[in-house]
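Have a look at the structure below, then the notes.
To find a chain, count down the sequence lines: A is the first, B the second, and so on, and within it residues start at 1.
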There are 2 protein chains.
Amino acid sequence: MDEIDQTIVNLLRTDGRTSYAELARRVGLTAPSVQDRVTKLEKNGIITGYKAVIDSEAIGLGITALIGIIPDNAADHRDICERLRAIPEIESCYFLAGVECYQLKVRVPKMGDLERLIHRVGAIPGVAQTRTTITLSTKWEDRPQPVPFEQAD
Amino acid sequence: MDEIDQTIVNLLRTDGRTSYAELARRVGLTAPSVQDRVTKLEKNGIITGYKAVIDSEAIGLGITALIGIIPDNAADHRDICERLRAIPEIESCYFLAGVECYQLKVRVPKMGDLERLIHRVGAIPGVAQTRTTITLSTKWEDRPQPVPFEQAD
DNA sequence: CTCGACAAGTGGACGAGATCGACCAGACCA
DNA sequence: TGGTCTGGTCGATCTCGTCCACTTGTCGAG
């Protein structure tokens, strides 16, 4: 993970479809060597995938909400996590240090869907209480911050 | 935005580097027509970009936290938003319906950086109070949920 | 010091993919 | 009926991806 790798990562983070040839021009190497580096970054788990970024509203997922989960004392976290994972509307799931030990980011088409989703989450064994906040607008999301510093491989 | 477009979007969402030729095979069209569709999806703002997914820990951003902001009555939201945007560590920023009217997702290398960041956010005019929660683990993040339904263009 | 092993790049060759223009078929409407 | 528009195919061409052989520099062992 040297400076060139960092540049490659930053470029691919900003535009995941940049060709190897273009990356090569940017970092001053040839395409095969860049490809070699990218392959290594993928194998080492630094680059874990590539995604098209979609406008949620444009595909009918107009409502974004954050759901906090307060567990009861008997909560089996493995089970909770598994059941949460089975719900496709939950796009992100964080395990937190606090009273609300999970926070979910969910997207649904309509308010009715959100209500059903909240009931579904609330019905999971070990979930004592949920707290839902609607997002009025997303100012920005998943903005890539540059690789901060030299990092061991 | 017909069924074929939905398939294309779902495929690119899962692997943003899928070639036009491969997409064409999957949806049963030729490469040029798929390319045409993708270009239109980009122009219509449905596909807004492509990103490599990076393991934050692997690049030295080992700490993820959620920061809620409670504003005071005189808060100028345009100004707050602008100042927040200038802070690179804030990867996502949601405007919420609730007492905490913003929630930030931030990533930093070390605890000291988080402390400095909290102070920086707390010092923004119009910010009455912040509430920070550390994430112990990210169960998953930005999992693409399939396009739900036929949607007008 | 020299040798061999290894990591990282280069250059060339070849097949696959991207891209462009020309052309075609069906839908819609005056 | 005929014109136009949309969305597709086909074929040509150029770029890109990918593989392989070769080179260079580094480092440790003998």
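- Here chain B contacts DNA chain C (any atom closer than 4.0 Å to a heavy atom, that is under 4.0 Å), and the contacts span C/dG17 to C/dC20 from 5' to 3'.
- Counted within 6.0 Å of CD on A/Glu42, heavy atoms from surrounding residues, nucleotides or ligands total more than 12; the atom is thus considered enclosed.
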Tabulate atom names and distances for all N/O pairs under 3.5 angstrom spanning the protein and nucleotides 11-15 of chain D.
none

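- Ring planes of B/Phe95 and B/His77: perpendicular class, angle over 60° (limits at 30 and 60°).
- Straight-line distance from the CD atom of A/Gln35 to the C1' atom of D/dT18: 6 Å, rounded to whole Å.
- Distances shown here put every side-chain N or O of B/Thr30 at or beyond 4.0 Å from the OP1 or OP2 atom of D/dG8.
- Atoms CG (A/Asp36) and C1' (D/dC16) sit 17 Å apart, rounded to a whole Å.
- When each of A/Glu91, A/Glu141, A/Arg107 is paired with A/Thr64, the side-chain hydrogen bond (donor to acceptor under 3.5 Å, both in side chains) condition holds for A/Arg107 and for no other.
- Atom CZ of B/Arg37 is separated from atom P of D/dG8 by 4 Å (rounded to the nearest Å).
- A donor-acceptor pair under 3.5 Å is absent between the side-chain atoms of A/Arg26 and the main chain of A/Ile8, judged by distance alone.
- Counting to the nearest Å, the P atom of D/dG8 and the CG atom of B/Asp5 are 8 Å from each other.
- A/Leu23 has its CG atom 12 Å from the P atom of D/dT18, to the nearest Å.
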Review item, side-chain donor-acceptor pairs of residues 115-128 of chain B, under 3.5 Å, at least two apart:
{"from": "B/Arg116", "atom 1": "NH2", "to": "B/Asp113", "atom 2": "OD1", "distance (Å)": "2.9"}
{"from": "B/His119", "atom 1": "ND1", "to": "B/Glu115", "atom 2": "O", "distance (Å)": "3.4"}

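- To the nearest 0.5 Å, atom CD of residue B/Glu100 and atom CD1 of residue B/Ile70 are 5.0 Å apart.
- For the pair B/Arg17 and A/Tyr20, the distance from NZ or CZ to the six-membered ring centre is under 6.0 Å and the angle to the ring normal is within 45 degrees.
- Atom pair B/Asp2:CG and D/dG7:P shows a separation of 9 Å (rounding to whole Å applied).
- Taking atom OH on A/Tyr20 and atom P on D/dC19, their separation rounds to 11 Å, with Å as the unit.
- Using a 4.0 Å cut-off between charged nitrogen and carboxylate oxygen, A/Arg83 and A/Asp76 do not count as a salt-bridge pair.
- The CD atom of B/Glu22 sits 9.0 Å away from atom CG of B/Asp15, with the distance rounded to the nearest 0.5 Å.
- Nucleotides of DNA chain C nearest to A/Arg17 and A/Lys40 differ in position, and the one nearer the 5' end is that of A/Lys40.
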